[in-house]
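Have a look at the structure below before the remarks.
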2 protein chains.
Amino acid sequence: MSDAVDLVLAQWGRERPDVDVWPMGIVGRISRLSRLLDIRLKEFFAEHDLERWEFDVMATLRRSGPPYELTAGALNRAAMITSGAITNRIDRMAKRGLVERVPDETDRRSVRVRLTERGWETVEKLVGPHTENEALLLAALGPRERDRLAGTLRDLLESLGDTSLD
Amino acid sequence: MSDAVDLVLAQWGRERPDVDVWPMGIVGRISRLSRLLDIRLKEFFAEHDLERWEFDVMATLRRSGPPYELTAGALNRAAMITSGAITNRIDRMAKRGLVERVPDETDRRSVRVRLTERGWETVEKLVGPHTENEALLLAALGPRERDRLAGTLRDLLESLGDTSLD
DNA sequence: CACAGTTATCTCAACGTTGAGATTATCAAT
DNA sequence: ATTGATAATCTCAACGTTGAGATAACTGTG
């Protein structure tokens, strides 16, 4: 079997046999996979009247444990977006009553973002179905392959200096 | 060793031990890797006064072989973007003299986008360095791992119905 | 205690994509 | 030939992110 990326590699092989373009076989596939998965996840959350990023923000808060709050900075590092974008997202989620801004007592520059009751329930209801949906999207992989793939991807992430969250 | 995603998995394990969130170990990493690679590639092309998508469009035309032209539709399928976006991109690249619009004789609805001499030279000059740069980003992988990873990712892409290009 | 440097968040203009609708052309069937 | 359905591209308003700058607060040094 072959996919869109195999075609790319074959074309380069024909047009520029002097260049070994093997890296495209990996970078290209990661890029395309990411986009395809985005689309599928978007569809899933749309069924629940939610944006994917809204779930991501809430899930980040939920899994951080009680009291289910983090600074705005921690959230934008986790989401890998800029500060302007996280301000915008928090604004909209606050309007929907999914999170609330809480002043930080120790550092008054900081804003703590806390999951509301409603936000908590939303995550609680969806973690299971969301995970099952992702499992379905990855159904092509056997248990062995899953572990090996996860391990390889982790090595890559580390080598690229993926910065962890708080 | 552990990365940002390992932390996510550990947190879920603590907060919701009843849910097996293994899929996040793969989906999350693909997503983060895609973003990190984007940033690195963007830096590379910036050094050559080029946007990444500009190179992608030109490379798609270049590797399709003589006469180095494709329809706008083929290009937006290859880039996985919408029709509005490809129109915009072609406009800007045409202004920079990297591609030109050519009327399609057989189908007058179509527009054929052709690589100009200047565009051709740009790709020709950069394919090698770009590929070497990507190889550097993937240096953490051994030859064996590379092949296995590429194969696994291809299986996933196919199972998700990745639509090929023309 | 004051100063300089750093950090956290918010503001906002510029920019690019999306997605629906408009336009023009092709194709299939009658 | 004509009609209806489909297809290719372009247009454009709405929307979200980026990235630089503004503001306010913290930190450590002298």
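Residue numbering restarts at 1 for every chain, and letters A, B, ... go by the order of the sequence lines.
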Could you check whether any side-chain heavy atom of B/Leu50 comes within less than 4.5 Å of a side-chain heavy atom of B/Leu126, counting everything from C-beta outward? yes
Is the shortest side-chain N to carboxylate O distance from A/Asp155 to B/Arg29 below 4.0 Å? no
Correct closest heavy-atom pair for A/Pro129 and A/Phe44 would be C-CZ, 3.7 Å
All N/O contacts under 3.5 Å from nucleotides 14-17 of chain C to the protein, with atom names and distances to one decimal?
unit_1 : atom_1 : unit_2  : atom_2 : d
C/dG16 : OP1    : B/Arg92 : NH1    : 2.7
C/dG16 : OP2    : B/Arg92 : NH1    : 3.4
C/dT17 : OP1    : B/Arg89 : NE     : 3.1
C/dT17 : OP1    : B/Arg89 : NH2    : 2.6

Apply salt bridge (charged side-chain N to carboxylate O under 4.0 Å, His left out) to the pair A/Arg40 and A/Glu134, showing each step before the final yes or no. CA-CA 9 Å; A/Arg40 298 303 201 88; A/Glu134 285 190 328; over 6 Å; no
With the side chain counted from C-beta on, respond yes when A/Leu98 and A/Arg118 share a heavy-atom pair under 4.5 Å apart, and no when they do not. yes
If the threshold is 4.0 Å, N to carboxylate O, is there a salt bridge linking B/Asp107 and B/Arg112? no
Would one find a side-chain N or O of A/Lys42 under 4.0 angstrom from OP1 or OP2 of C/dG19? yes
Between B/Asp3 and B/Arg32, does any side-chain N to carboxylate O distance fall below 4.0 Å? no
What is the distance from CG of A/Asp104 to P of C/dT7, rounded to the nearest Å? 17 Å
d(CG, A/Leu70; P, C/dT9) in whole Å: 11 Å
Presence of salt bridge, A/Arg96 and A/Glu54, under 4.0 angstrom: yes
When we call it a touch if two heavy atoms are under 4.0 Å apart, what does A/Arg101 touch: a base, just sugar-phosphate, or nothing? sugar-phosphate
5' precedence on DNA chain C between A/Ile90 and B/Ser83 (nearest-nucleotide basis): A/Ile90
Using whole Å, what does the distance between atom C1' of nucleotide D/dT18 and atom CE of A/Met80 come to? 15 Å
Using atom CZ of B/Arg108 as one end and atom P of C/dT26 as the other, report the distance to the nearest whole Å. 5 Å
Strictly under 4.0 angstrom, non-hydrogen atoms only: write out the protein contact profile of nucleotides 2-8 of chain D, one letter per nucleotide from the 5' end, B, S or -. -----BS
